Amino acid sequence: MGSAGRLGGVVALVTGGGSGIGRAVCVRLARDGARVAVADRDGGWAGEVREGLSPTPPPLHAAFAVDVASQDSVDAMVARVQDHFGTPPSICVTCAGVTRDEFLLRLPHNHFDEVLSVNLKGTFLVTQAVARAMVAVGAARGSIVHVGSIVGKVGNVGQANYAASKSGVEGLMRSCAKELGRFGIRCNAVLPGFIRTPMTARVPSKVIGKFAALVPMGRLGQPEEVADVCAFLASEDSAYITGASVEVTALLRERLTSQPNHLIGSLTDCSRAT
Ligand code: NAP
């Protein structure tokens, strides 16, 4: 679609852009005409995604290495994005995330800290740095999209750390929406169910099959199906939506809520396998 698309030439920063949902978001935003800053812990993966977006070398799209859990790293990355494109991003989609699954009774404290520092503090650091940059240049509008998880709403066995981090992301998003509205910056979240990515590829197929059976459509989601919703929230097609969470679960949420113990046996298998 190129620069004539609905995001015509705007700069979009995507964290976790080197893999899974983040990668699909980069592809989708580029197709809508955005100039994409692909940011990931692994600069090599980010570079590979950038190359896939367009055969044209930078400056159309660019790749950046970042550790979202480190304020210095995030601030430096946002400054480099602004240097490269000559403007701060007006779209930011925070996809960087990790899991360290274990039952509560066995959960090591460093695994709790690690998940919180990437998923929640990382989302805060990126949001703050990007919002500061937008406000500093007097940007007329901006859109920040946080990738949360339906697990943050309903909980999940073996994921106390992950669920806590993703609940936090929703609270963060709502507060940001209230504070940043007066600057024309919207903030929303997508809450995916179970999506086929490298994150879920570690889960044994038997367990995946049980999750898929809980979904009325009988399958896991694809990263592109989450990316489509992120692109909608990033664009002016959602101009009067802020502070909202959009569930992308194909009704998995209801089943997880009503049958919370259904998967405990499966997750025991899963935690043995990982
Ligand atoms: P993924 O394929 O593992 O992608 C996550 C990306 O984030 C990876 O490239 C990862 O790099 C990067 N990352 C991790 N820690 C980072 C850090 N400190 N700084 C910068 N980048 C970092 O997983 P995904 O499934 O696409 O997940 C994307 C987002 O969706 C996550 O926030 C996840 O919690 C959320 N989500 C996923 C699902 C699902 O079913 N897949 C469901 C709900 C929500 P490394 O590979 O080096 O760690």
Side-chain angles (χ1 to χ4, degrees), residues 13-28 37-50 63-74 76-78 92-101 111 113-127 129 145-156 159 161-170 172-173 189-203 207-208 211-212 214-215 219-227 229-230 245-250 252-253 256 270 274:
L13 168 65
V14 182
T15 69
S19 178
I21 292 170
R23 176 187 286 242
V25 170
C26 291
V27 171
R28 179 59 212 250
V38 186
D40 206 292
R41 175 156 50 194
D42 186 324
W45 284 116
E48 199 175 284
V49 171
R50 189 211 66 73
F64 303 86
V66 67
D67 176 2
V68 298
S70 153
Q71 184 183 354
D72 288 348
S73 177
V74 168
M77 179 271 293
V78 172
C92 173
V93 186
T94 62
C95 302
V98 292
T99 51
R100 297 287 179 268
D101 295 352
H111 285 188
D113 293 342
E114 199 181 336
V115 169
L116 268 286
S117 64
V118 175
N119 296 5
L120 180 54
K121 189 168 180 197
T123 302
F124 156 70
L125 290 172
V126 171
T127 301
V145 181
H146 292 161
V147 177
S149 169
I150 198 61
V151 163
K153 267 215 155 75
V154 301
N156 197 14
Q159 292 200 305
N161 49 359
Y162 185 77
S165 73
K166 294 299 188 178
S167 292
V169 164
E170 268 204 280
L172 172 69
M173 175 277 291
V190 294
L191 311 183
F194 286 90
I195 311 297
R196 281 202 187 277
T197 70
M199 185 179 270
T200 47
R202 290 191 292 272
V203 179
V207 180
I208 291 288
F211 276 118
L214 287 178
V215 181
R219 66 171 176 86
L220 268 60
Q222 296 297 333
E224 293 75 15
E225 293 169 323
V226 180
V229 181
C230 292
S245 299
V246 181
E247 297 179 10
V248 189
T249 74
L252 175 67
R253 174 229 226 292
L256 280 177
C270 175
T274 52

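The analysis underlying the following values was restricted to heavy atoms, covering all of them including side chains, and did not include hydrogens, waters or symmetry mates. Source: prediction; values computed, not measured. Start at 1 and go down the list; that is how both ligands and their atoms are numbered.
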With heavy-atom distances below 4.0 Å as the criterion, list the atoms of ligand 1 near [X].
X	value
Phe194	40 (O)
Pro198	2 (O)
Ser149	43 (C), 44 (C)
Thr200	39 (C), 40 (O), 41 (N)

Open item on the list: With the threshold set strictly below 4.0 angstrom, can you tell me whether any protein non-hydrogen atom sits that near atom 46 (O) of ligand 1?
Closed with: no
Side chain proximity check, [X] to [Y], heavy atoms < 4.5 angstrom:
X	Y	result
Val38	Val14	no
Val118	Val68	yes
Asn156	Tyr162	no
Ser149	Gln159	no
Val145	Thr94	no
Thr197	Thr200	yes
Lys121	Leu125	yes
Pro223	Arg23	no

Distance-only N or O hit between ligand 1 and [X], under 3.5 Å:
X	answer
Thr197	yes
Ser19	yes
Gly22	no
Cys95	yes

Tell me the closest heavy-atom pair linking [X] and [Y], and the distance in Å.
X	Y	answer
Phe64	Ala37	CE1-CB, 3.7 Å
Ala129	Val74	CB-CG1, 3.9 Å
Met77	Ala39	SD-CB, 4.3 Å
Val147	Pro192	CG1-CG, 4.0 Å
Ser245	Met173	OG-CE, 3.4 Å
Gly148	Leu191	CA-CD2, 4.0 Å

Is it the side chain, the backbone, both or neither of [X] that has a heavy atom closer than 4.0 Å to ligand 1?
X	answer
Trp45	neither
Asp67	both
Val98	side chain

Could you establish whether [X] and ligand 1 come within less than 4.0 Å of each other, counting only heavy atoms on the residue side?
X	value
Lys166	yes
Val147	yes
Val66	yes
Gly221	no

Which option out of [options] puts a heavy atom nearest to [atom]?
atom	options	value
atom 48 (O) of ligand 1	Lys121, Arg41, Met77, Arg202	Arg41
atom 19 (N) of ligand 1	Val68, Thr249, Thr99	Val68
atom 5 (C) of ligand 1	Gly20, Gly193, Ser70, Gly97	Gly97
atom 22 (C) of ligand 1	Ser165, Ala96, Ser117	Ala96

Open item on the list: I'd like to know if the side chain of Asn161 and the backbone of Arg100 have a donor-acceptor N/O pair within less than 3.5 Å.
Closed with: yes
Looking only at protein heavy atoms, which one is nearest to [atom], and how far off is it?
atom	value
atom 11 (O) of ligand 1	Asp40 OD1, 3.3 Å
atom 26 (O) of ligand 1	Ile21 N, 2.8 Å
atom 36 (N) of ligand 1	Tyr162 OH, 3.4 Å
atom 40 (O) of ligand 1	Ile195 N, 2.8 Å
atom 23 (O) of ligand 1	Met199 CB, 3.4 Å

